[in-house]
Structure formats: structure tokens, C-alpha cells
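Atoms within each ligand, like the ligands themselves, are counted from 1 in listed order. No experiment lies behind these values; they were computed from the predicted model shown. All values below were derived from every heavy atom in this structure, side-chain atoms included, with hydrogens, water molecules and symmetry-related copies excluded.
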Amino acid sequence: MGPKRARIVPIIERLAGEHQDATIALRFRNELELLVSVMLSAQTTDVNVNRVTPVLFRKYRRPEDYLAAPPEELENDIRPTGFFRQKARAIRGTMKMLIEEFDGQVPRRVEDLVRLPGVGRKTANVVAAELGEPQGIVVDTHVRRLSQRLGLTKHEDPAKIERDLMRLVPRADWGRFPHLLIWHGRRVCLARRPRCENCVINDLCPSSRV
Ligand code: SF4
């Protein structure tokens, strides 16, 4: 097994060949819808979010629309995504700040995004990457598990894992790298029983069982 610096580019290239459809699963048509979808996706699946958003986005088109409706109405509209009171509060707070501080636009810098109520580093990284300006690397449960199995990090803490990955992954790949790991994690490198015999990077992986 070579050092991780030598393995990272072939890992990315092979995963990109294998998962050519590896993109974000959330459906949105503009920056505001992107931000709201990512906020709603906390603690639930993208499929669940996509079930709610077509109706939601027809009803709420501008930041002002989210503030004009009574809070309980917004809670009801997002209820199936879980933690709906907390999420409704975060969305309303975010819309207020967008209007007051960002001219009603979604900011593109991670430092600005994380100031929005209920927006953590992971959400900010996802939004910035989808806007074509990744400034970090999204670390979710799949990215954490695969980075550890591939020997790219020894850490458990997402912030430390992100730092390790940012040192290793070429900047041009910061946006697609998490998608590649997420899809590989869903299809091949499963949490309980990784399918190493069907894995295109098994010769580059120190955890391979074949
Ligand atoms: S070889 Fe096995 S453990 Fe390593 S990435 Fe592939 S499926 Fe995961």
C-alpha cells in the first residue's frame, strides 16, 4: 500500500469513473432553494426532503414569504422532515438575516454562511460547493467512514477529518470528492458489510478484505 499522497489521485479518478452520477440528491432550482433543502436534510434522508420541497418551494419563493406565514404554518409544511419546530425556527431566523444583512441573497462565503441561524459548517460547505465555490470538504457519516477505512485520516472529529482531507485532496476536487465517497459508501463500502470484492479501489485500500 503506497502513502496516502500517492493514492489519493488514483482513488478519486477510479471512483469518478465508477460513480459518474455522483451528485447531490437534493432537488432545488436556485440558491435559496438549495440553502433551505440542505437545512431540511439534517437528521433525515434526501428522499424525505425531496418529498416536501416541491410544494414548499411553490409556496415560499422569497425570504419574505417564509416570514409572512405564521410560524405554525411553516412547521406544518416541513413536518415530514423531522425536528420541524427547530428547523422552522432556523429557517425563519436565516431568512431574517438574509434580508437584513445580505440583501435577500444567499452568501457564497463559508464564513458568512455559518453566521446564519442553524447553519453549521457542514451545511455551509454543501451550499458553497453546490454554488461552485467549495471552500472546504463536506464530512458526513459516509465521508468519515470511508476516509478512515482508506487510511486518509485517523480522526473521529469531523473538523479534524476535514482538515486532513483538505491537506490531501487537490483543491479542484474538493466539491466532487465527498459525493464520490458518499455514493461509494452507499453502493459498495457499506457500513456493516463492505463489498471489497466488488470495489474498484481495493488495491488502494488498507482495509480491503480481498
Ligand atoms: S476495499 Fe473494502 S473497505 Fe476499502 S473502500 Fe473498498 S469496500 Fe471499502
Side-chain angles (χ1 to χ4, degrees), residues 1-28 34 37-51 81-82 110 113-114 120-210:
M1 198 62 46
K4 51 192 176 192
R5 290 224 163 266
R7 290 184 289 122
I8 190 70
V9 171
I11 286 175
I12 293 170
E13 281 171 0
R14 281 197 224 163
L15 290 180
E18 181 79 354
H19 306 291
Q20 292 181 11
D21 54 346
T23 53
I24 192 164
L26 295 169
R27 291 205 208 99
F28 54 87
L34 164 65
S37 312
V38 182
M39 291 176 80
L40 290 177
S41 71
Q43 318 280 345
T44 190
T45 61
D46 292 349
V47 173
N48 248 343
V49 175
N50 289 340
R51 277 201 200 110
T81 68
V110 164
L113 284 161
V114 292
R121 183 154 179 100
K122 183 174 151 228
T123 299
N125 268 337
V126 174
V127 171
E130 290 311 311
L131 292 176
E133 295 172 27
Q135 292 144 61
I137 295 180
V138 175
V139 177
D140 77 344
T141 173
H142 296 291
V143 175
R144 184 177 63 185
R145 181 177 76 256
L146 269 76
S147 300
Q148 291 168 340
R149 284 181 178 169
L150 287 164
L152 307 179
T153 185
K154 290 195 171 77
H155 289 292
E156 285 291 333
D157 173 44
K160 291 184 181 157
I161 295 174
E162 184 182 357
R163 231 173 296 141
D164 283 348
L165 294 177
M166 284 167 75
R167 283 196 205 109
L168 204 57
V169 175
R171 173 113 209 192
D173 291 318
W174 284 7
R176 71 170 173 166
F177 183 71
H179 291 308
L180 295 173
L181 292 197
I182 289 167
W183 285 99
H184 198 60
R186 284 182 182 149
R187 291 170 173 161
V188 182
C189 191
L190 311 178
R192 293 242 181 106
R193 210 177 307 157
R195 299 168 49 217
C196 301
E197 64 287 357
N198 295 321
C199 177
V200 289
I201 49 172
N202 57 17
D203 59 319
L204 297 167
C205 176
S207 311
S208 172
R209 298 174 186 185
V210 290

| task | Answer yes or no: is there a donor N or O on one side and an acceptor on the other, between the side chain of R171 and the main chain of P134, under 3.5 Å? | result | yes
| query | What's the verdict on side chain to side chain contact (heavy atoms under 4.5 Å, CB included) for L181 and H179, showing C-alpha distance, side-chain angles and the deciding distance? | reply | CA-CA 5 Å; L181 292 197; H179 291 308; over 6 Å; no
| said: Do R167 and R5 make a side-chain contact, defined as non-hydrogen atoms from C-beta onward lying under 4.5 Å apart? | reply: yes
| task | May I ask you to say whether R121 pairs ionically with E162, meaning some side-chain N is under 4.0 Å from a carboxylate O? | result | yes
| request: Provide the number and element of each atom of ligand 1 under 4.0 Å from a heavy atom of C205. | output: 1 (S), 3 (S), 4 (Fe), 5 (S)
| field | R195 side chain vs R187 backbone, donor-acceptor pair below 3.5 Å | value | yes
| query | Got a sec: is C196 within less than 2.8 Å of atom 4 (Fe) of ligand 1 via an N/O/S atom? | reply | no
| message | Quick check on contacts: which atoms of ligand 1 are under 4.0 angstrom from a heavy atom of C199? | response | 1 (S), 5 (S), 6 (Fe), 7 (S)
| message | One residue to check: S208. Relative to ligand 1, which of side chain, backbone, both or neither has a non-hydrogen atom less than 4.0 Å away? | response | both
| request: Show which atoms of ligand 1 fall inside a sub-4.0 Å distance from at least one heavy-atom site of N202. | output: 1 (S)
| request: Using 2.8 Å as a strict upper limit, say whether an N, O or S atom of C189 approaches atom 8 (Fe) of ligand 1 that closely. | output: yes
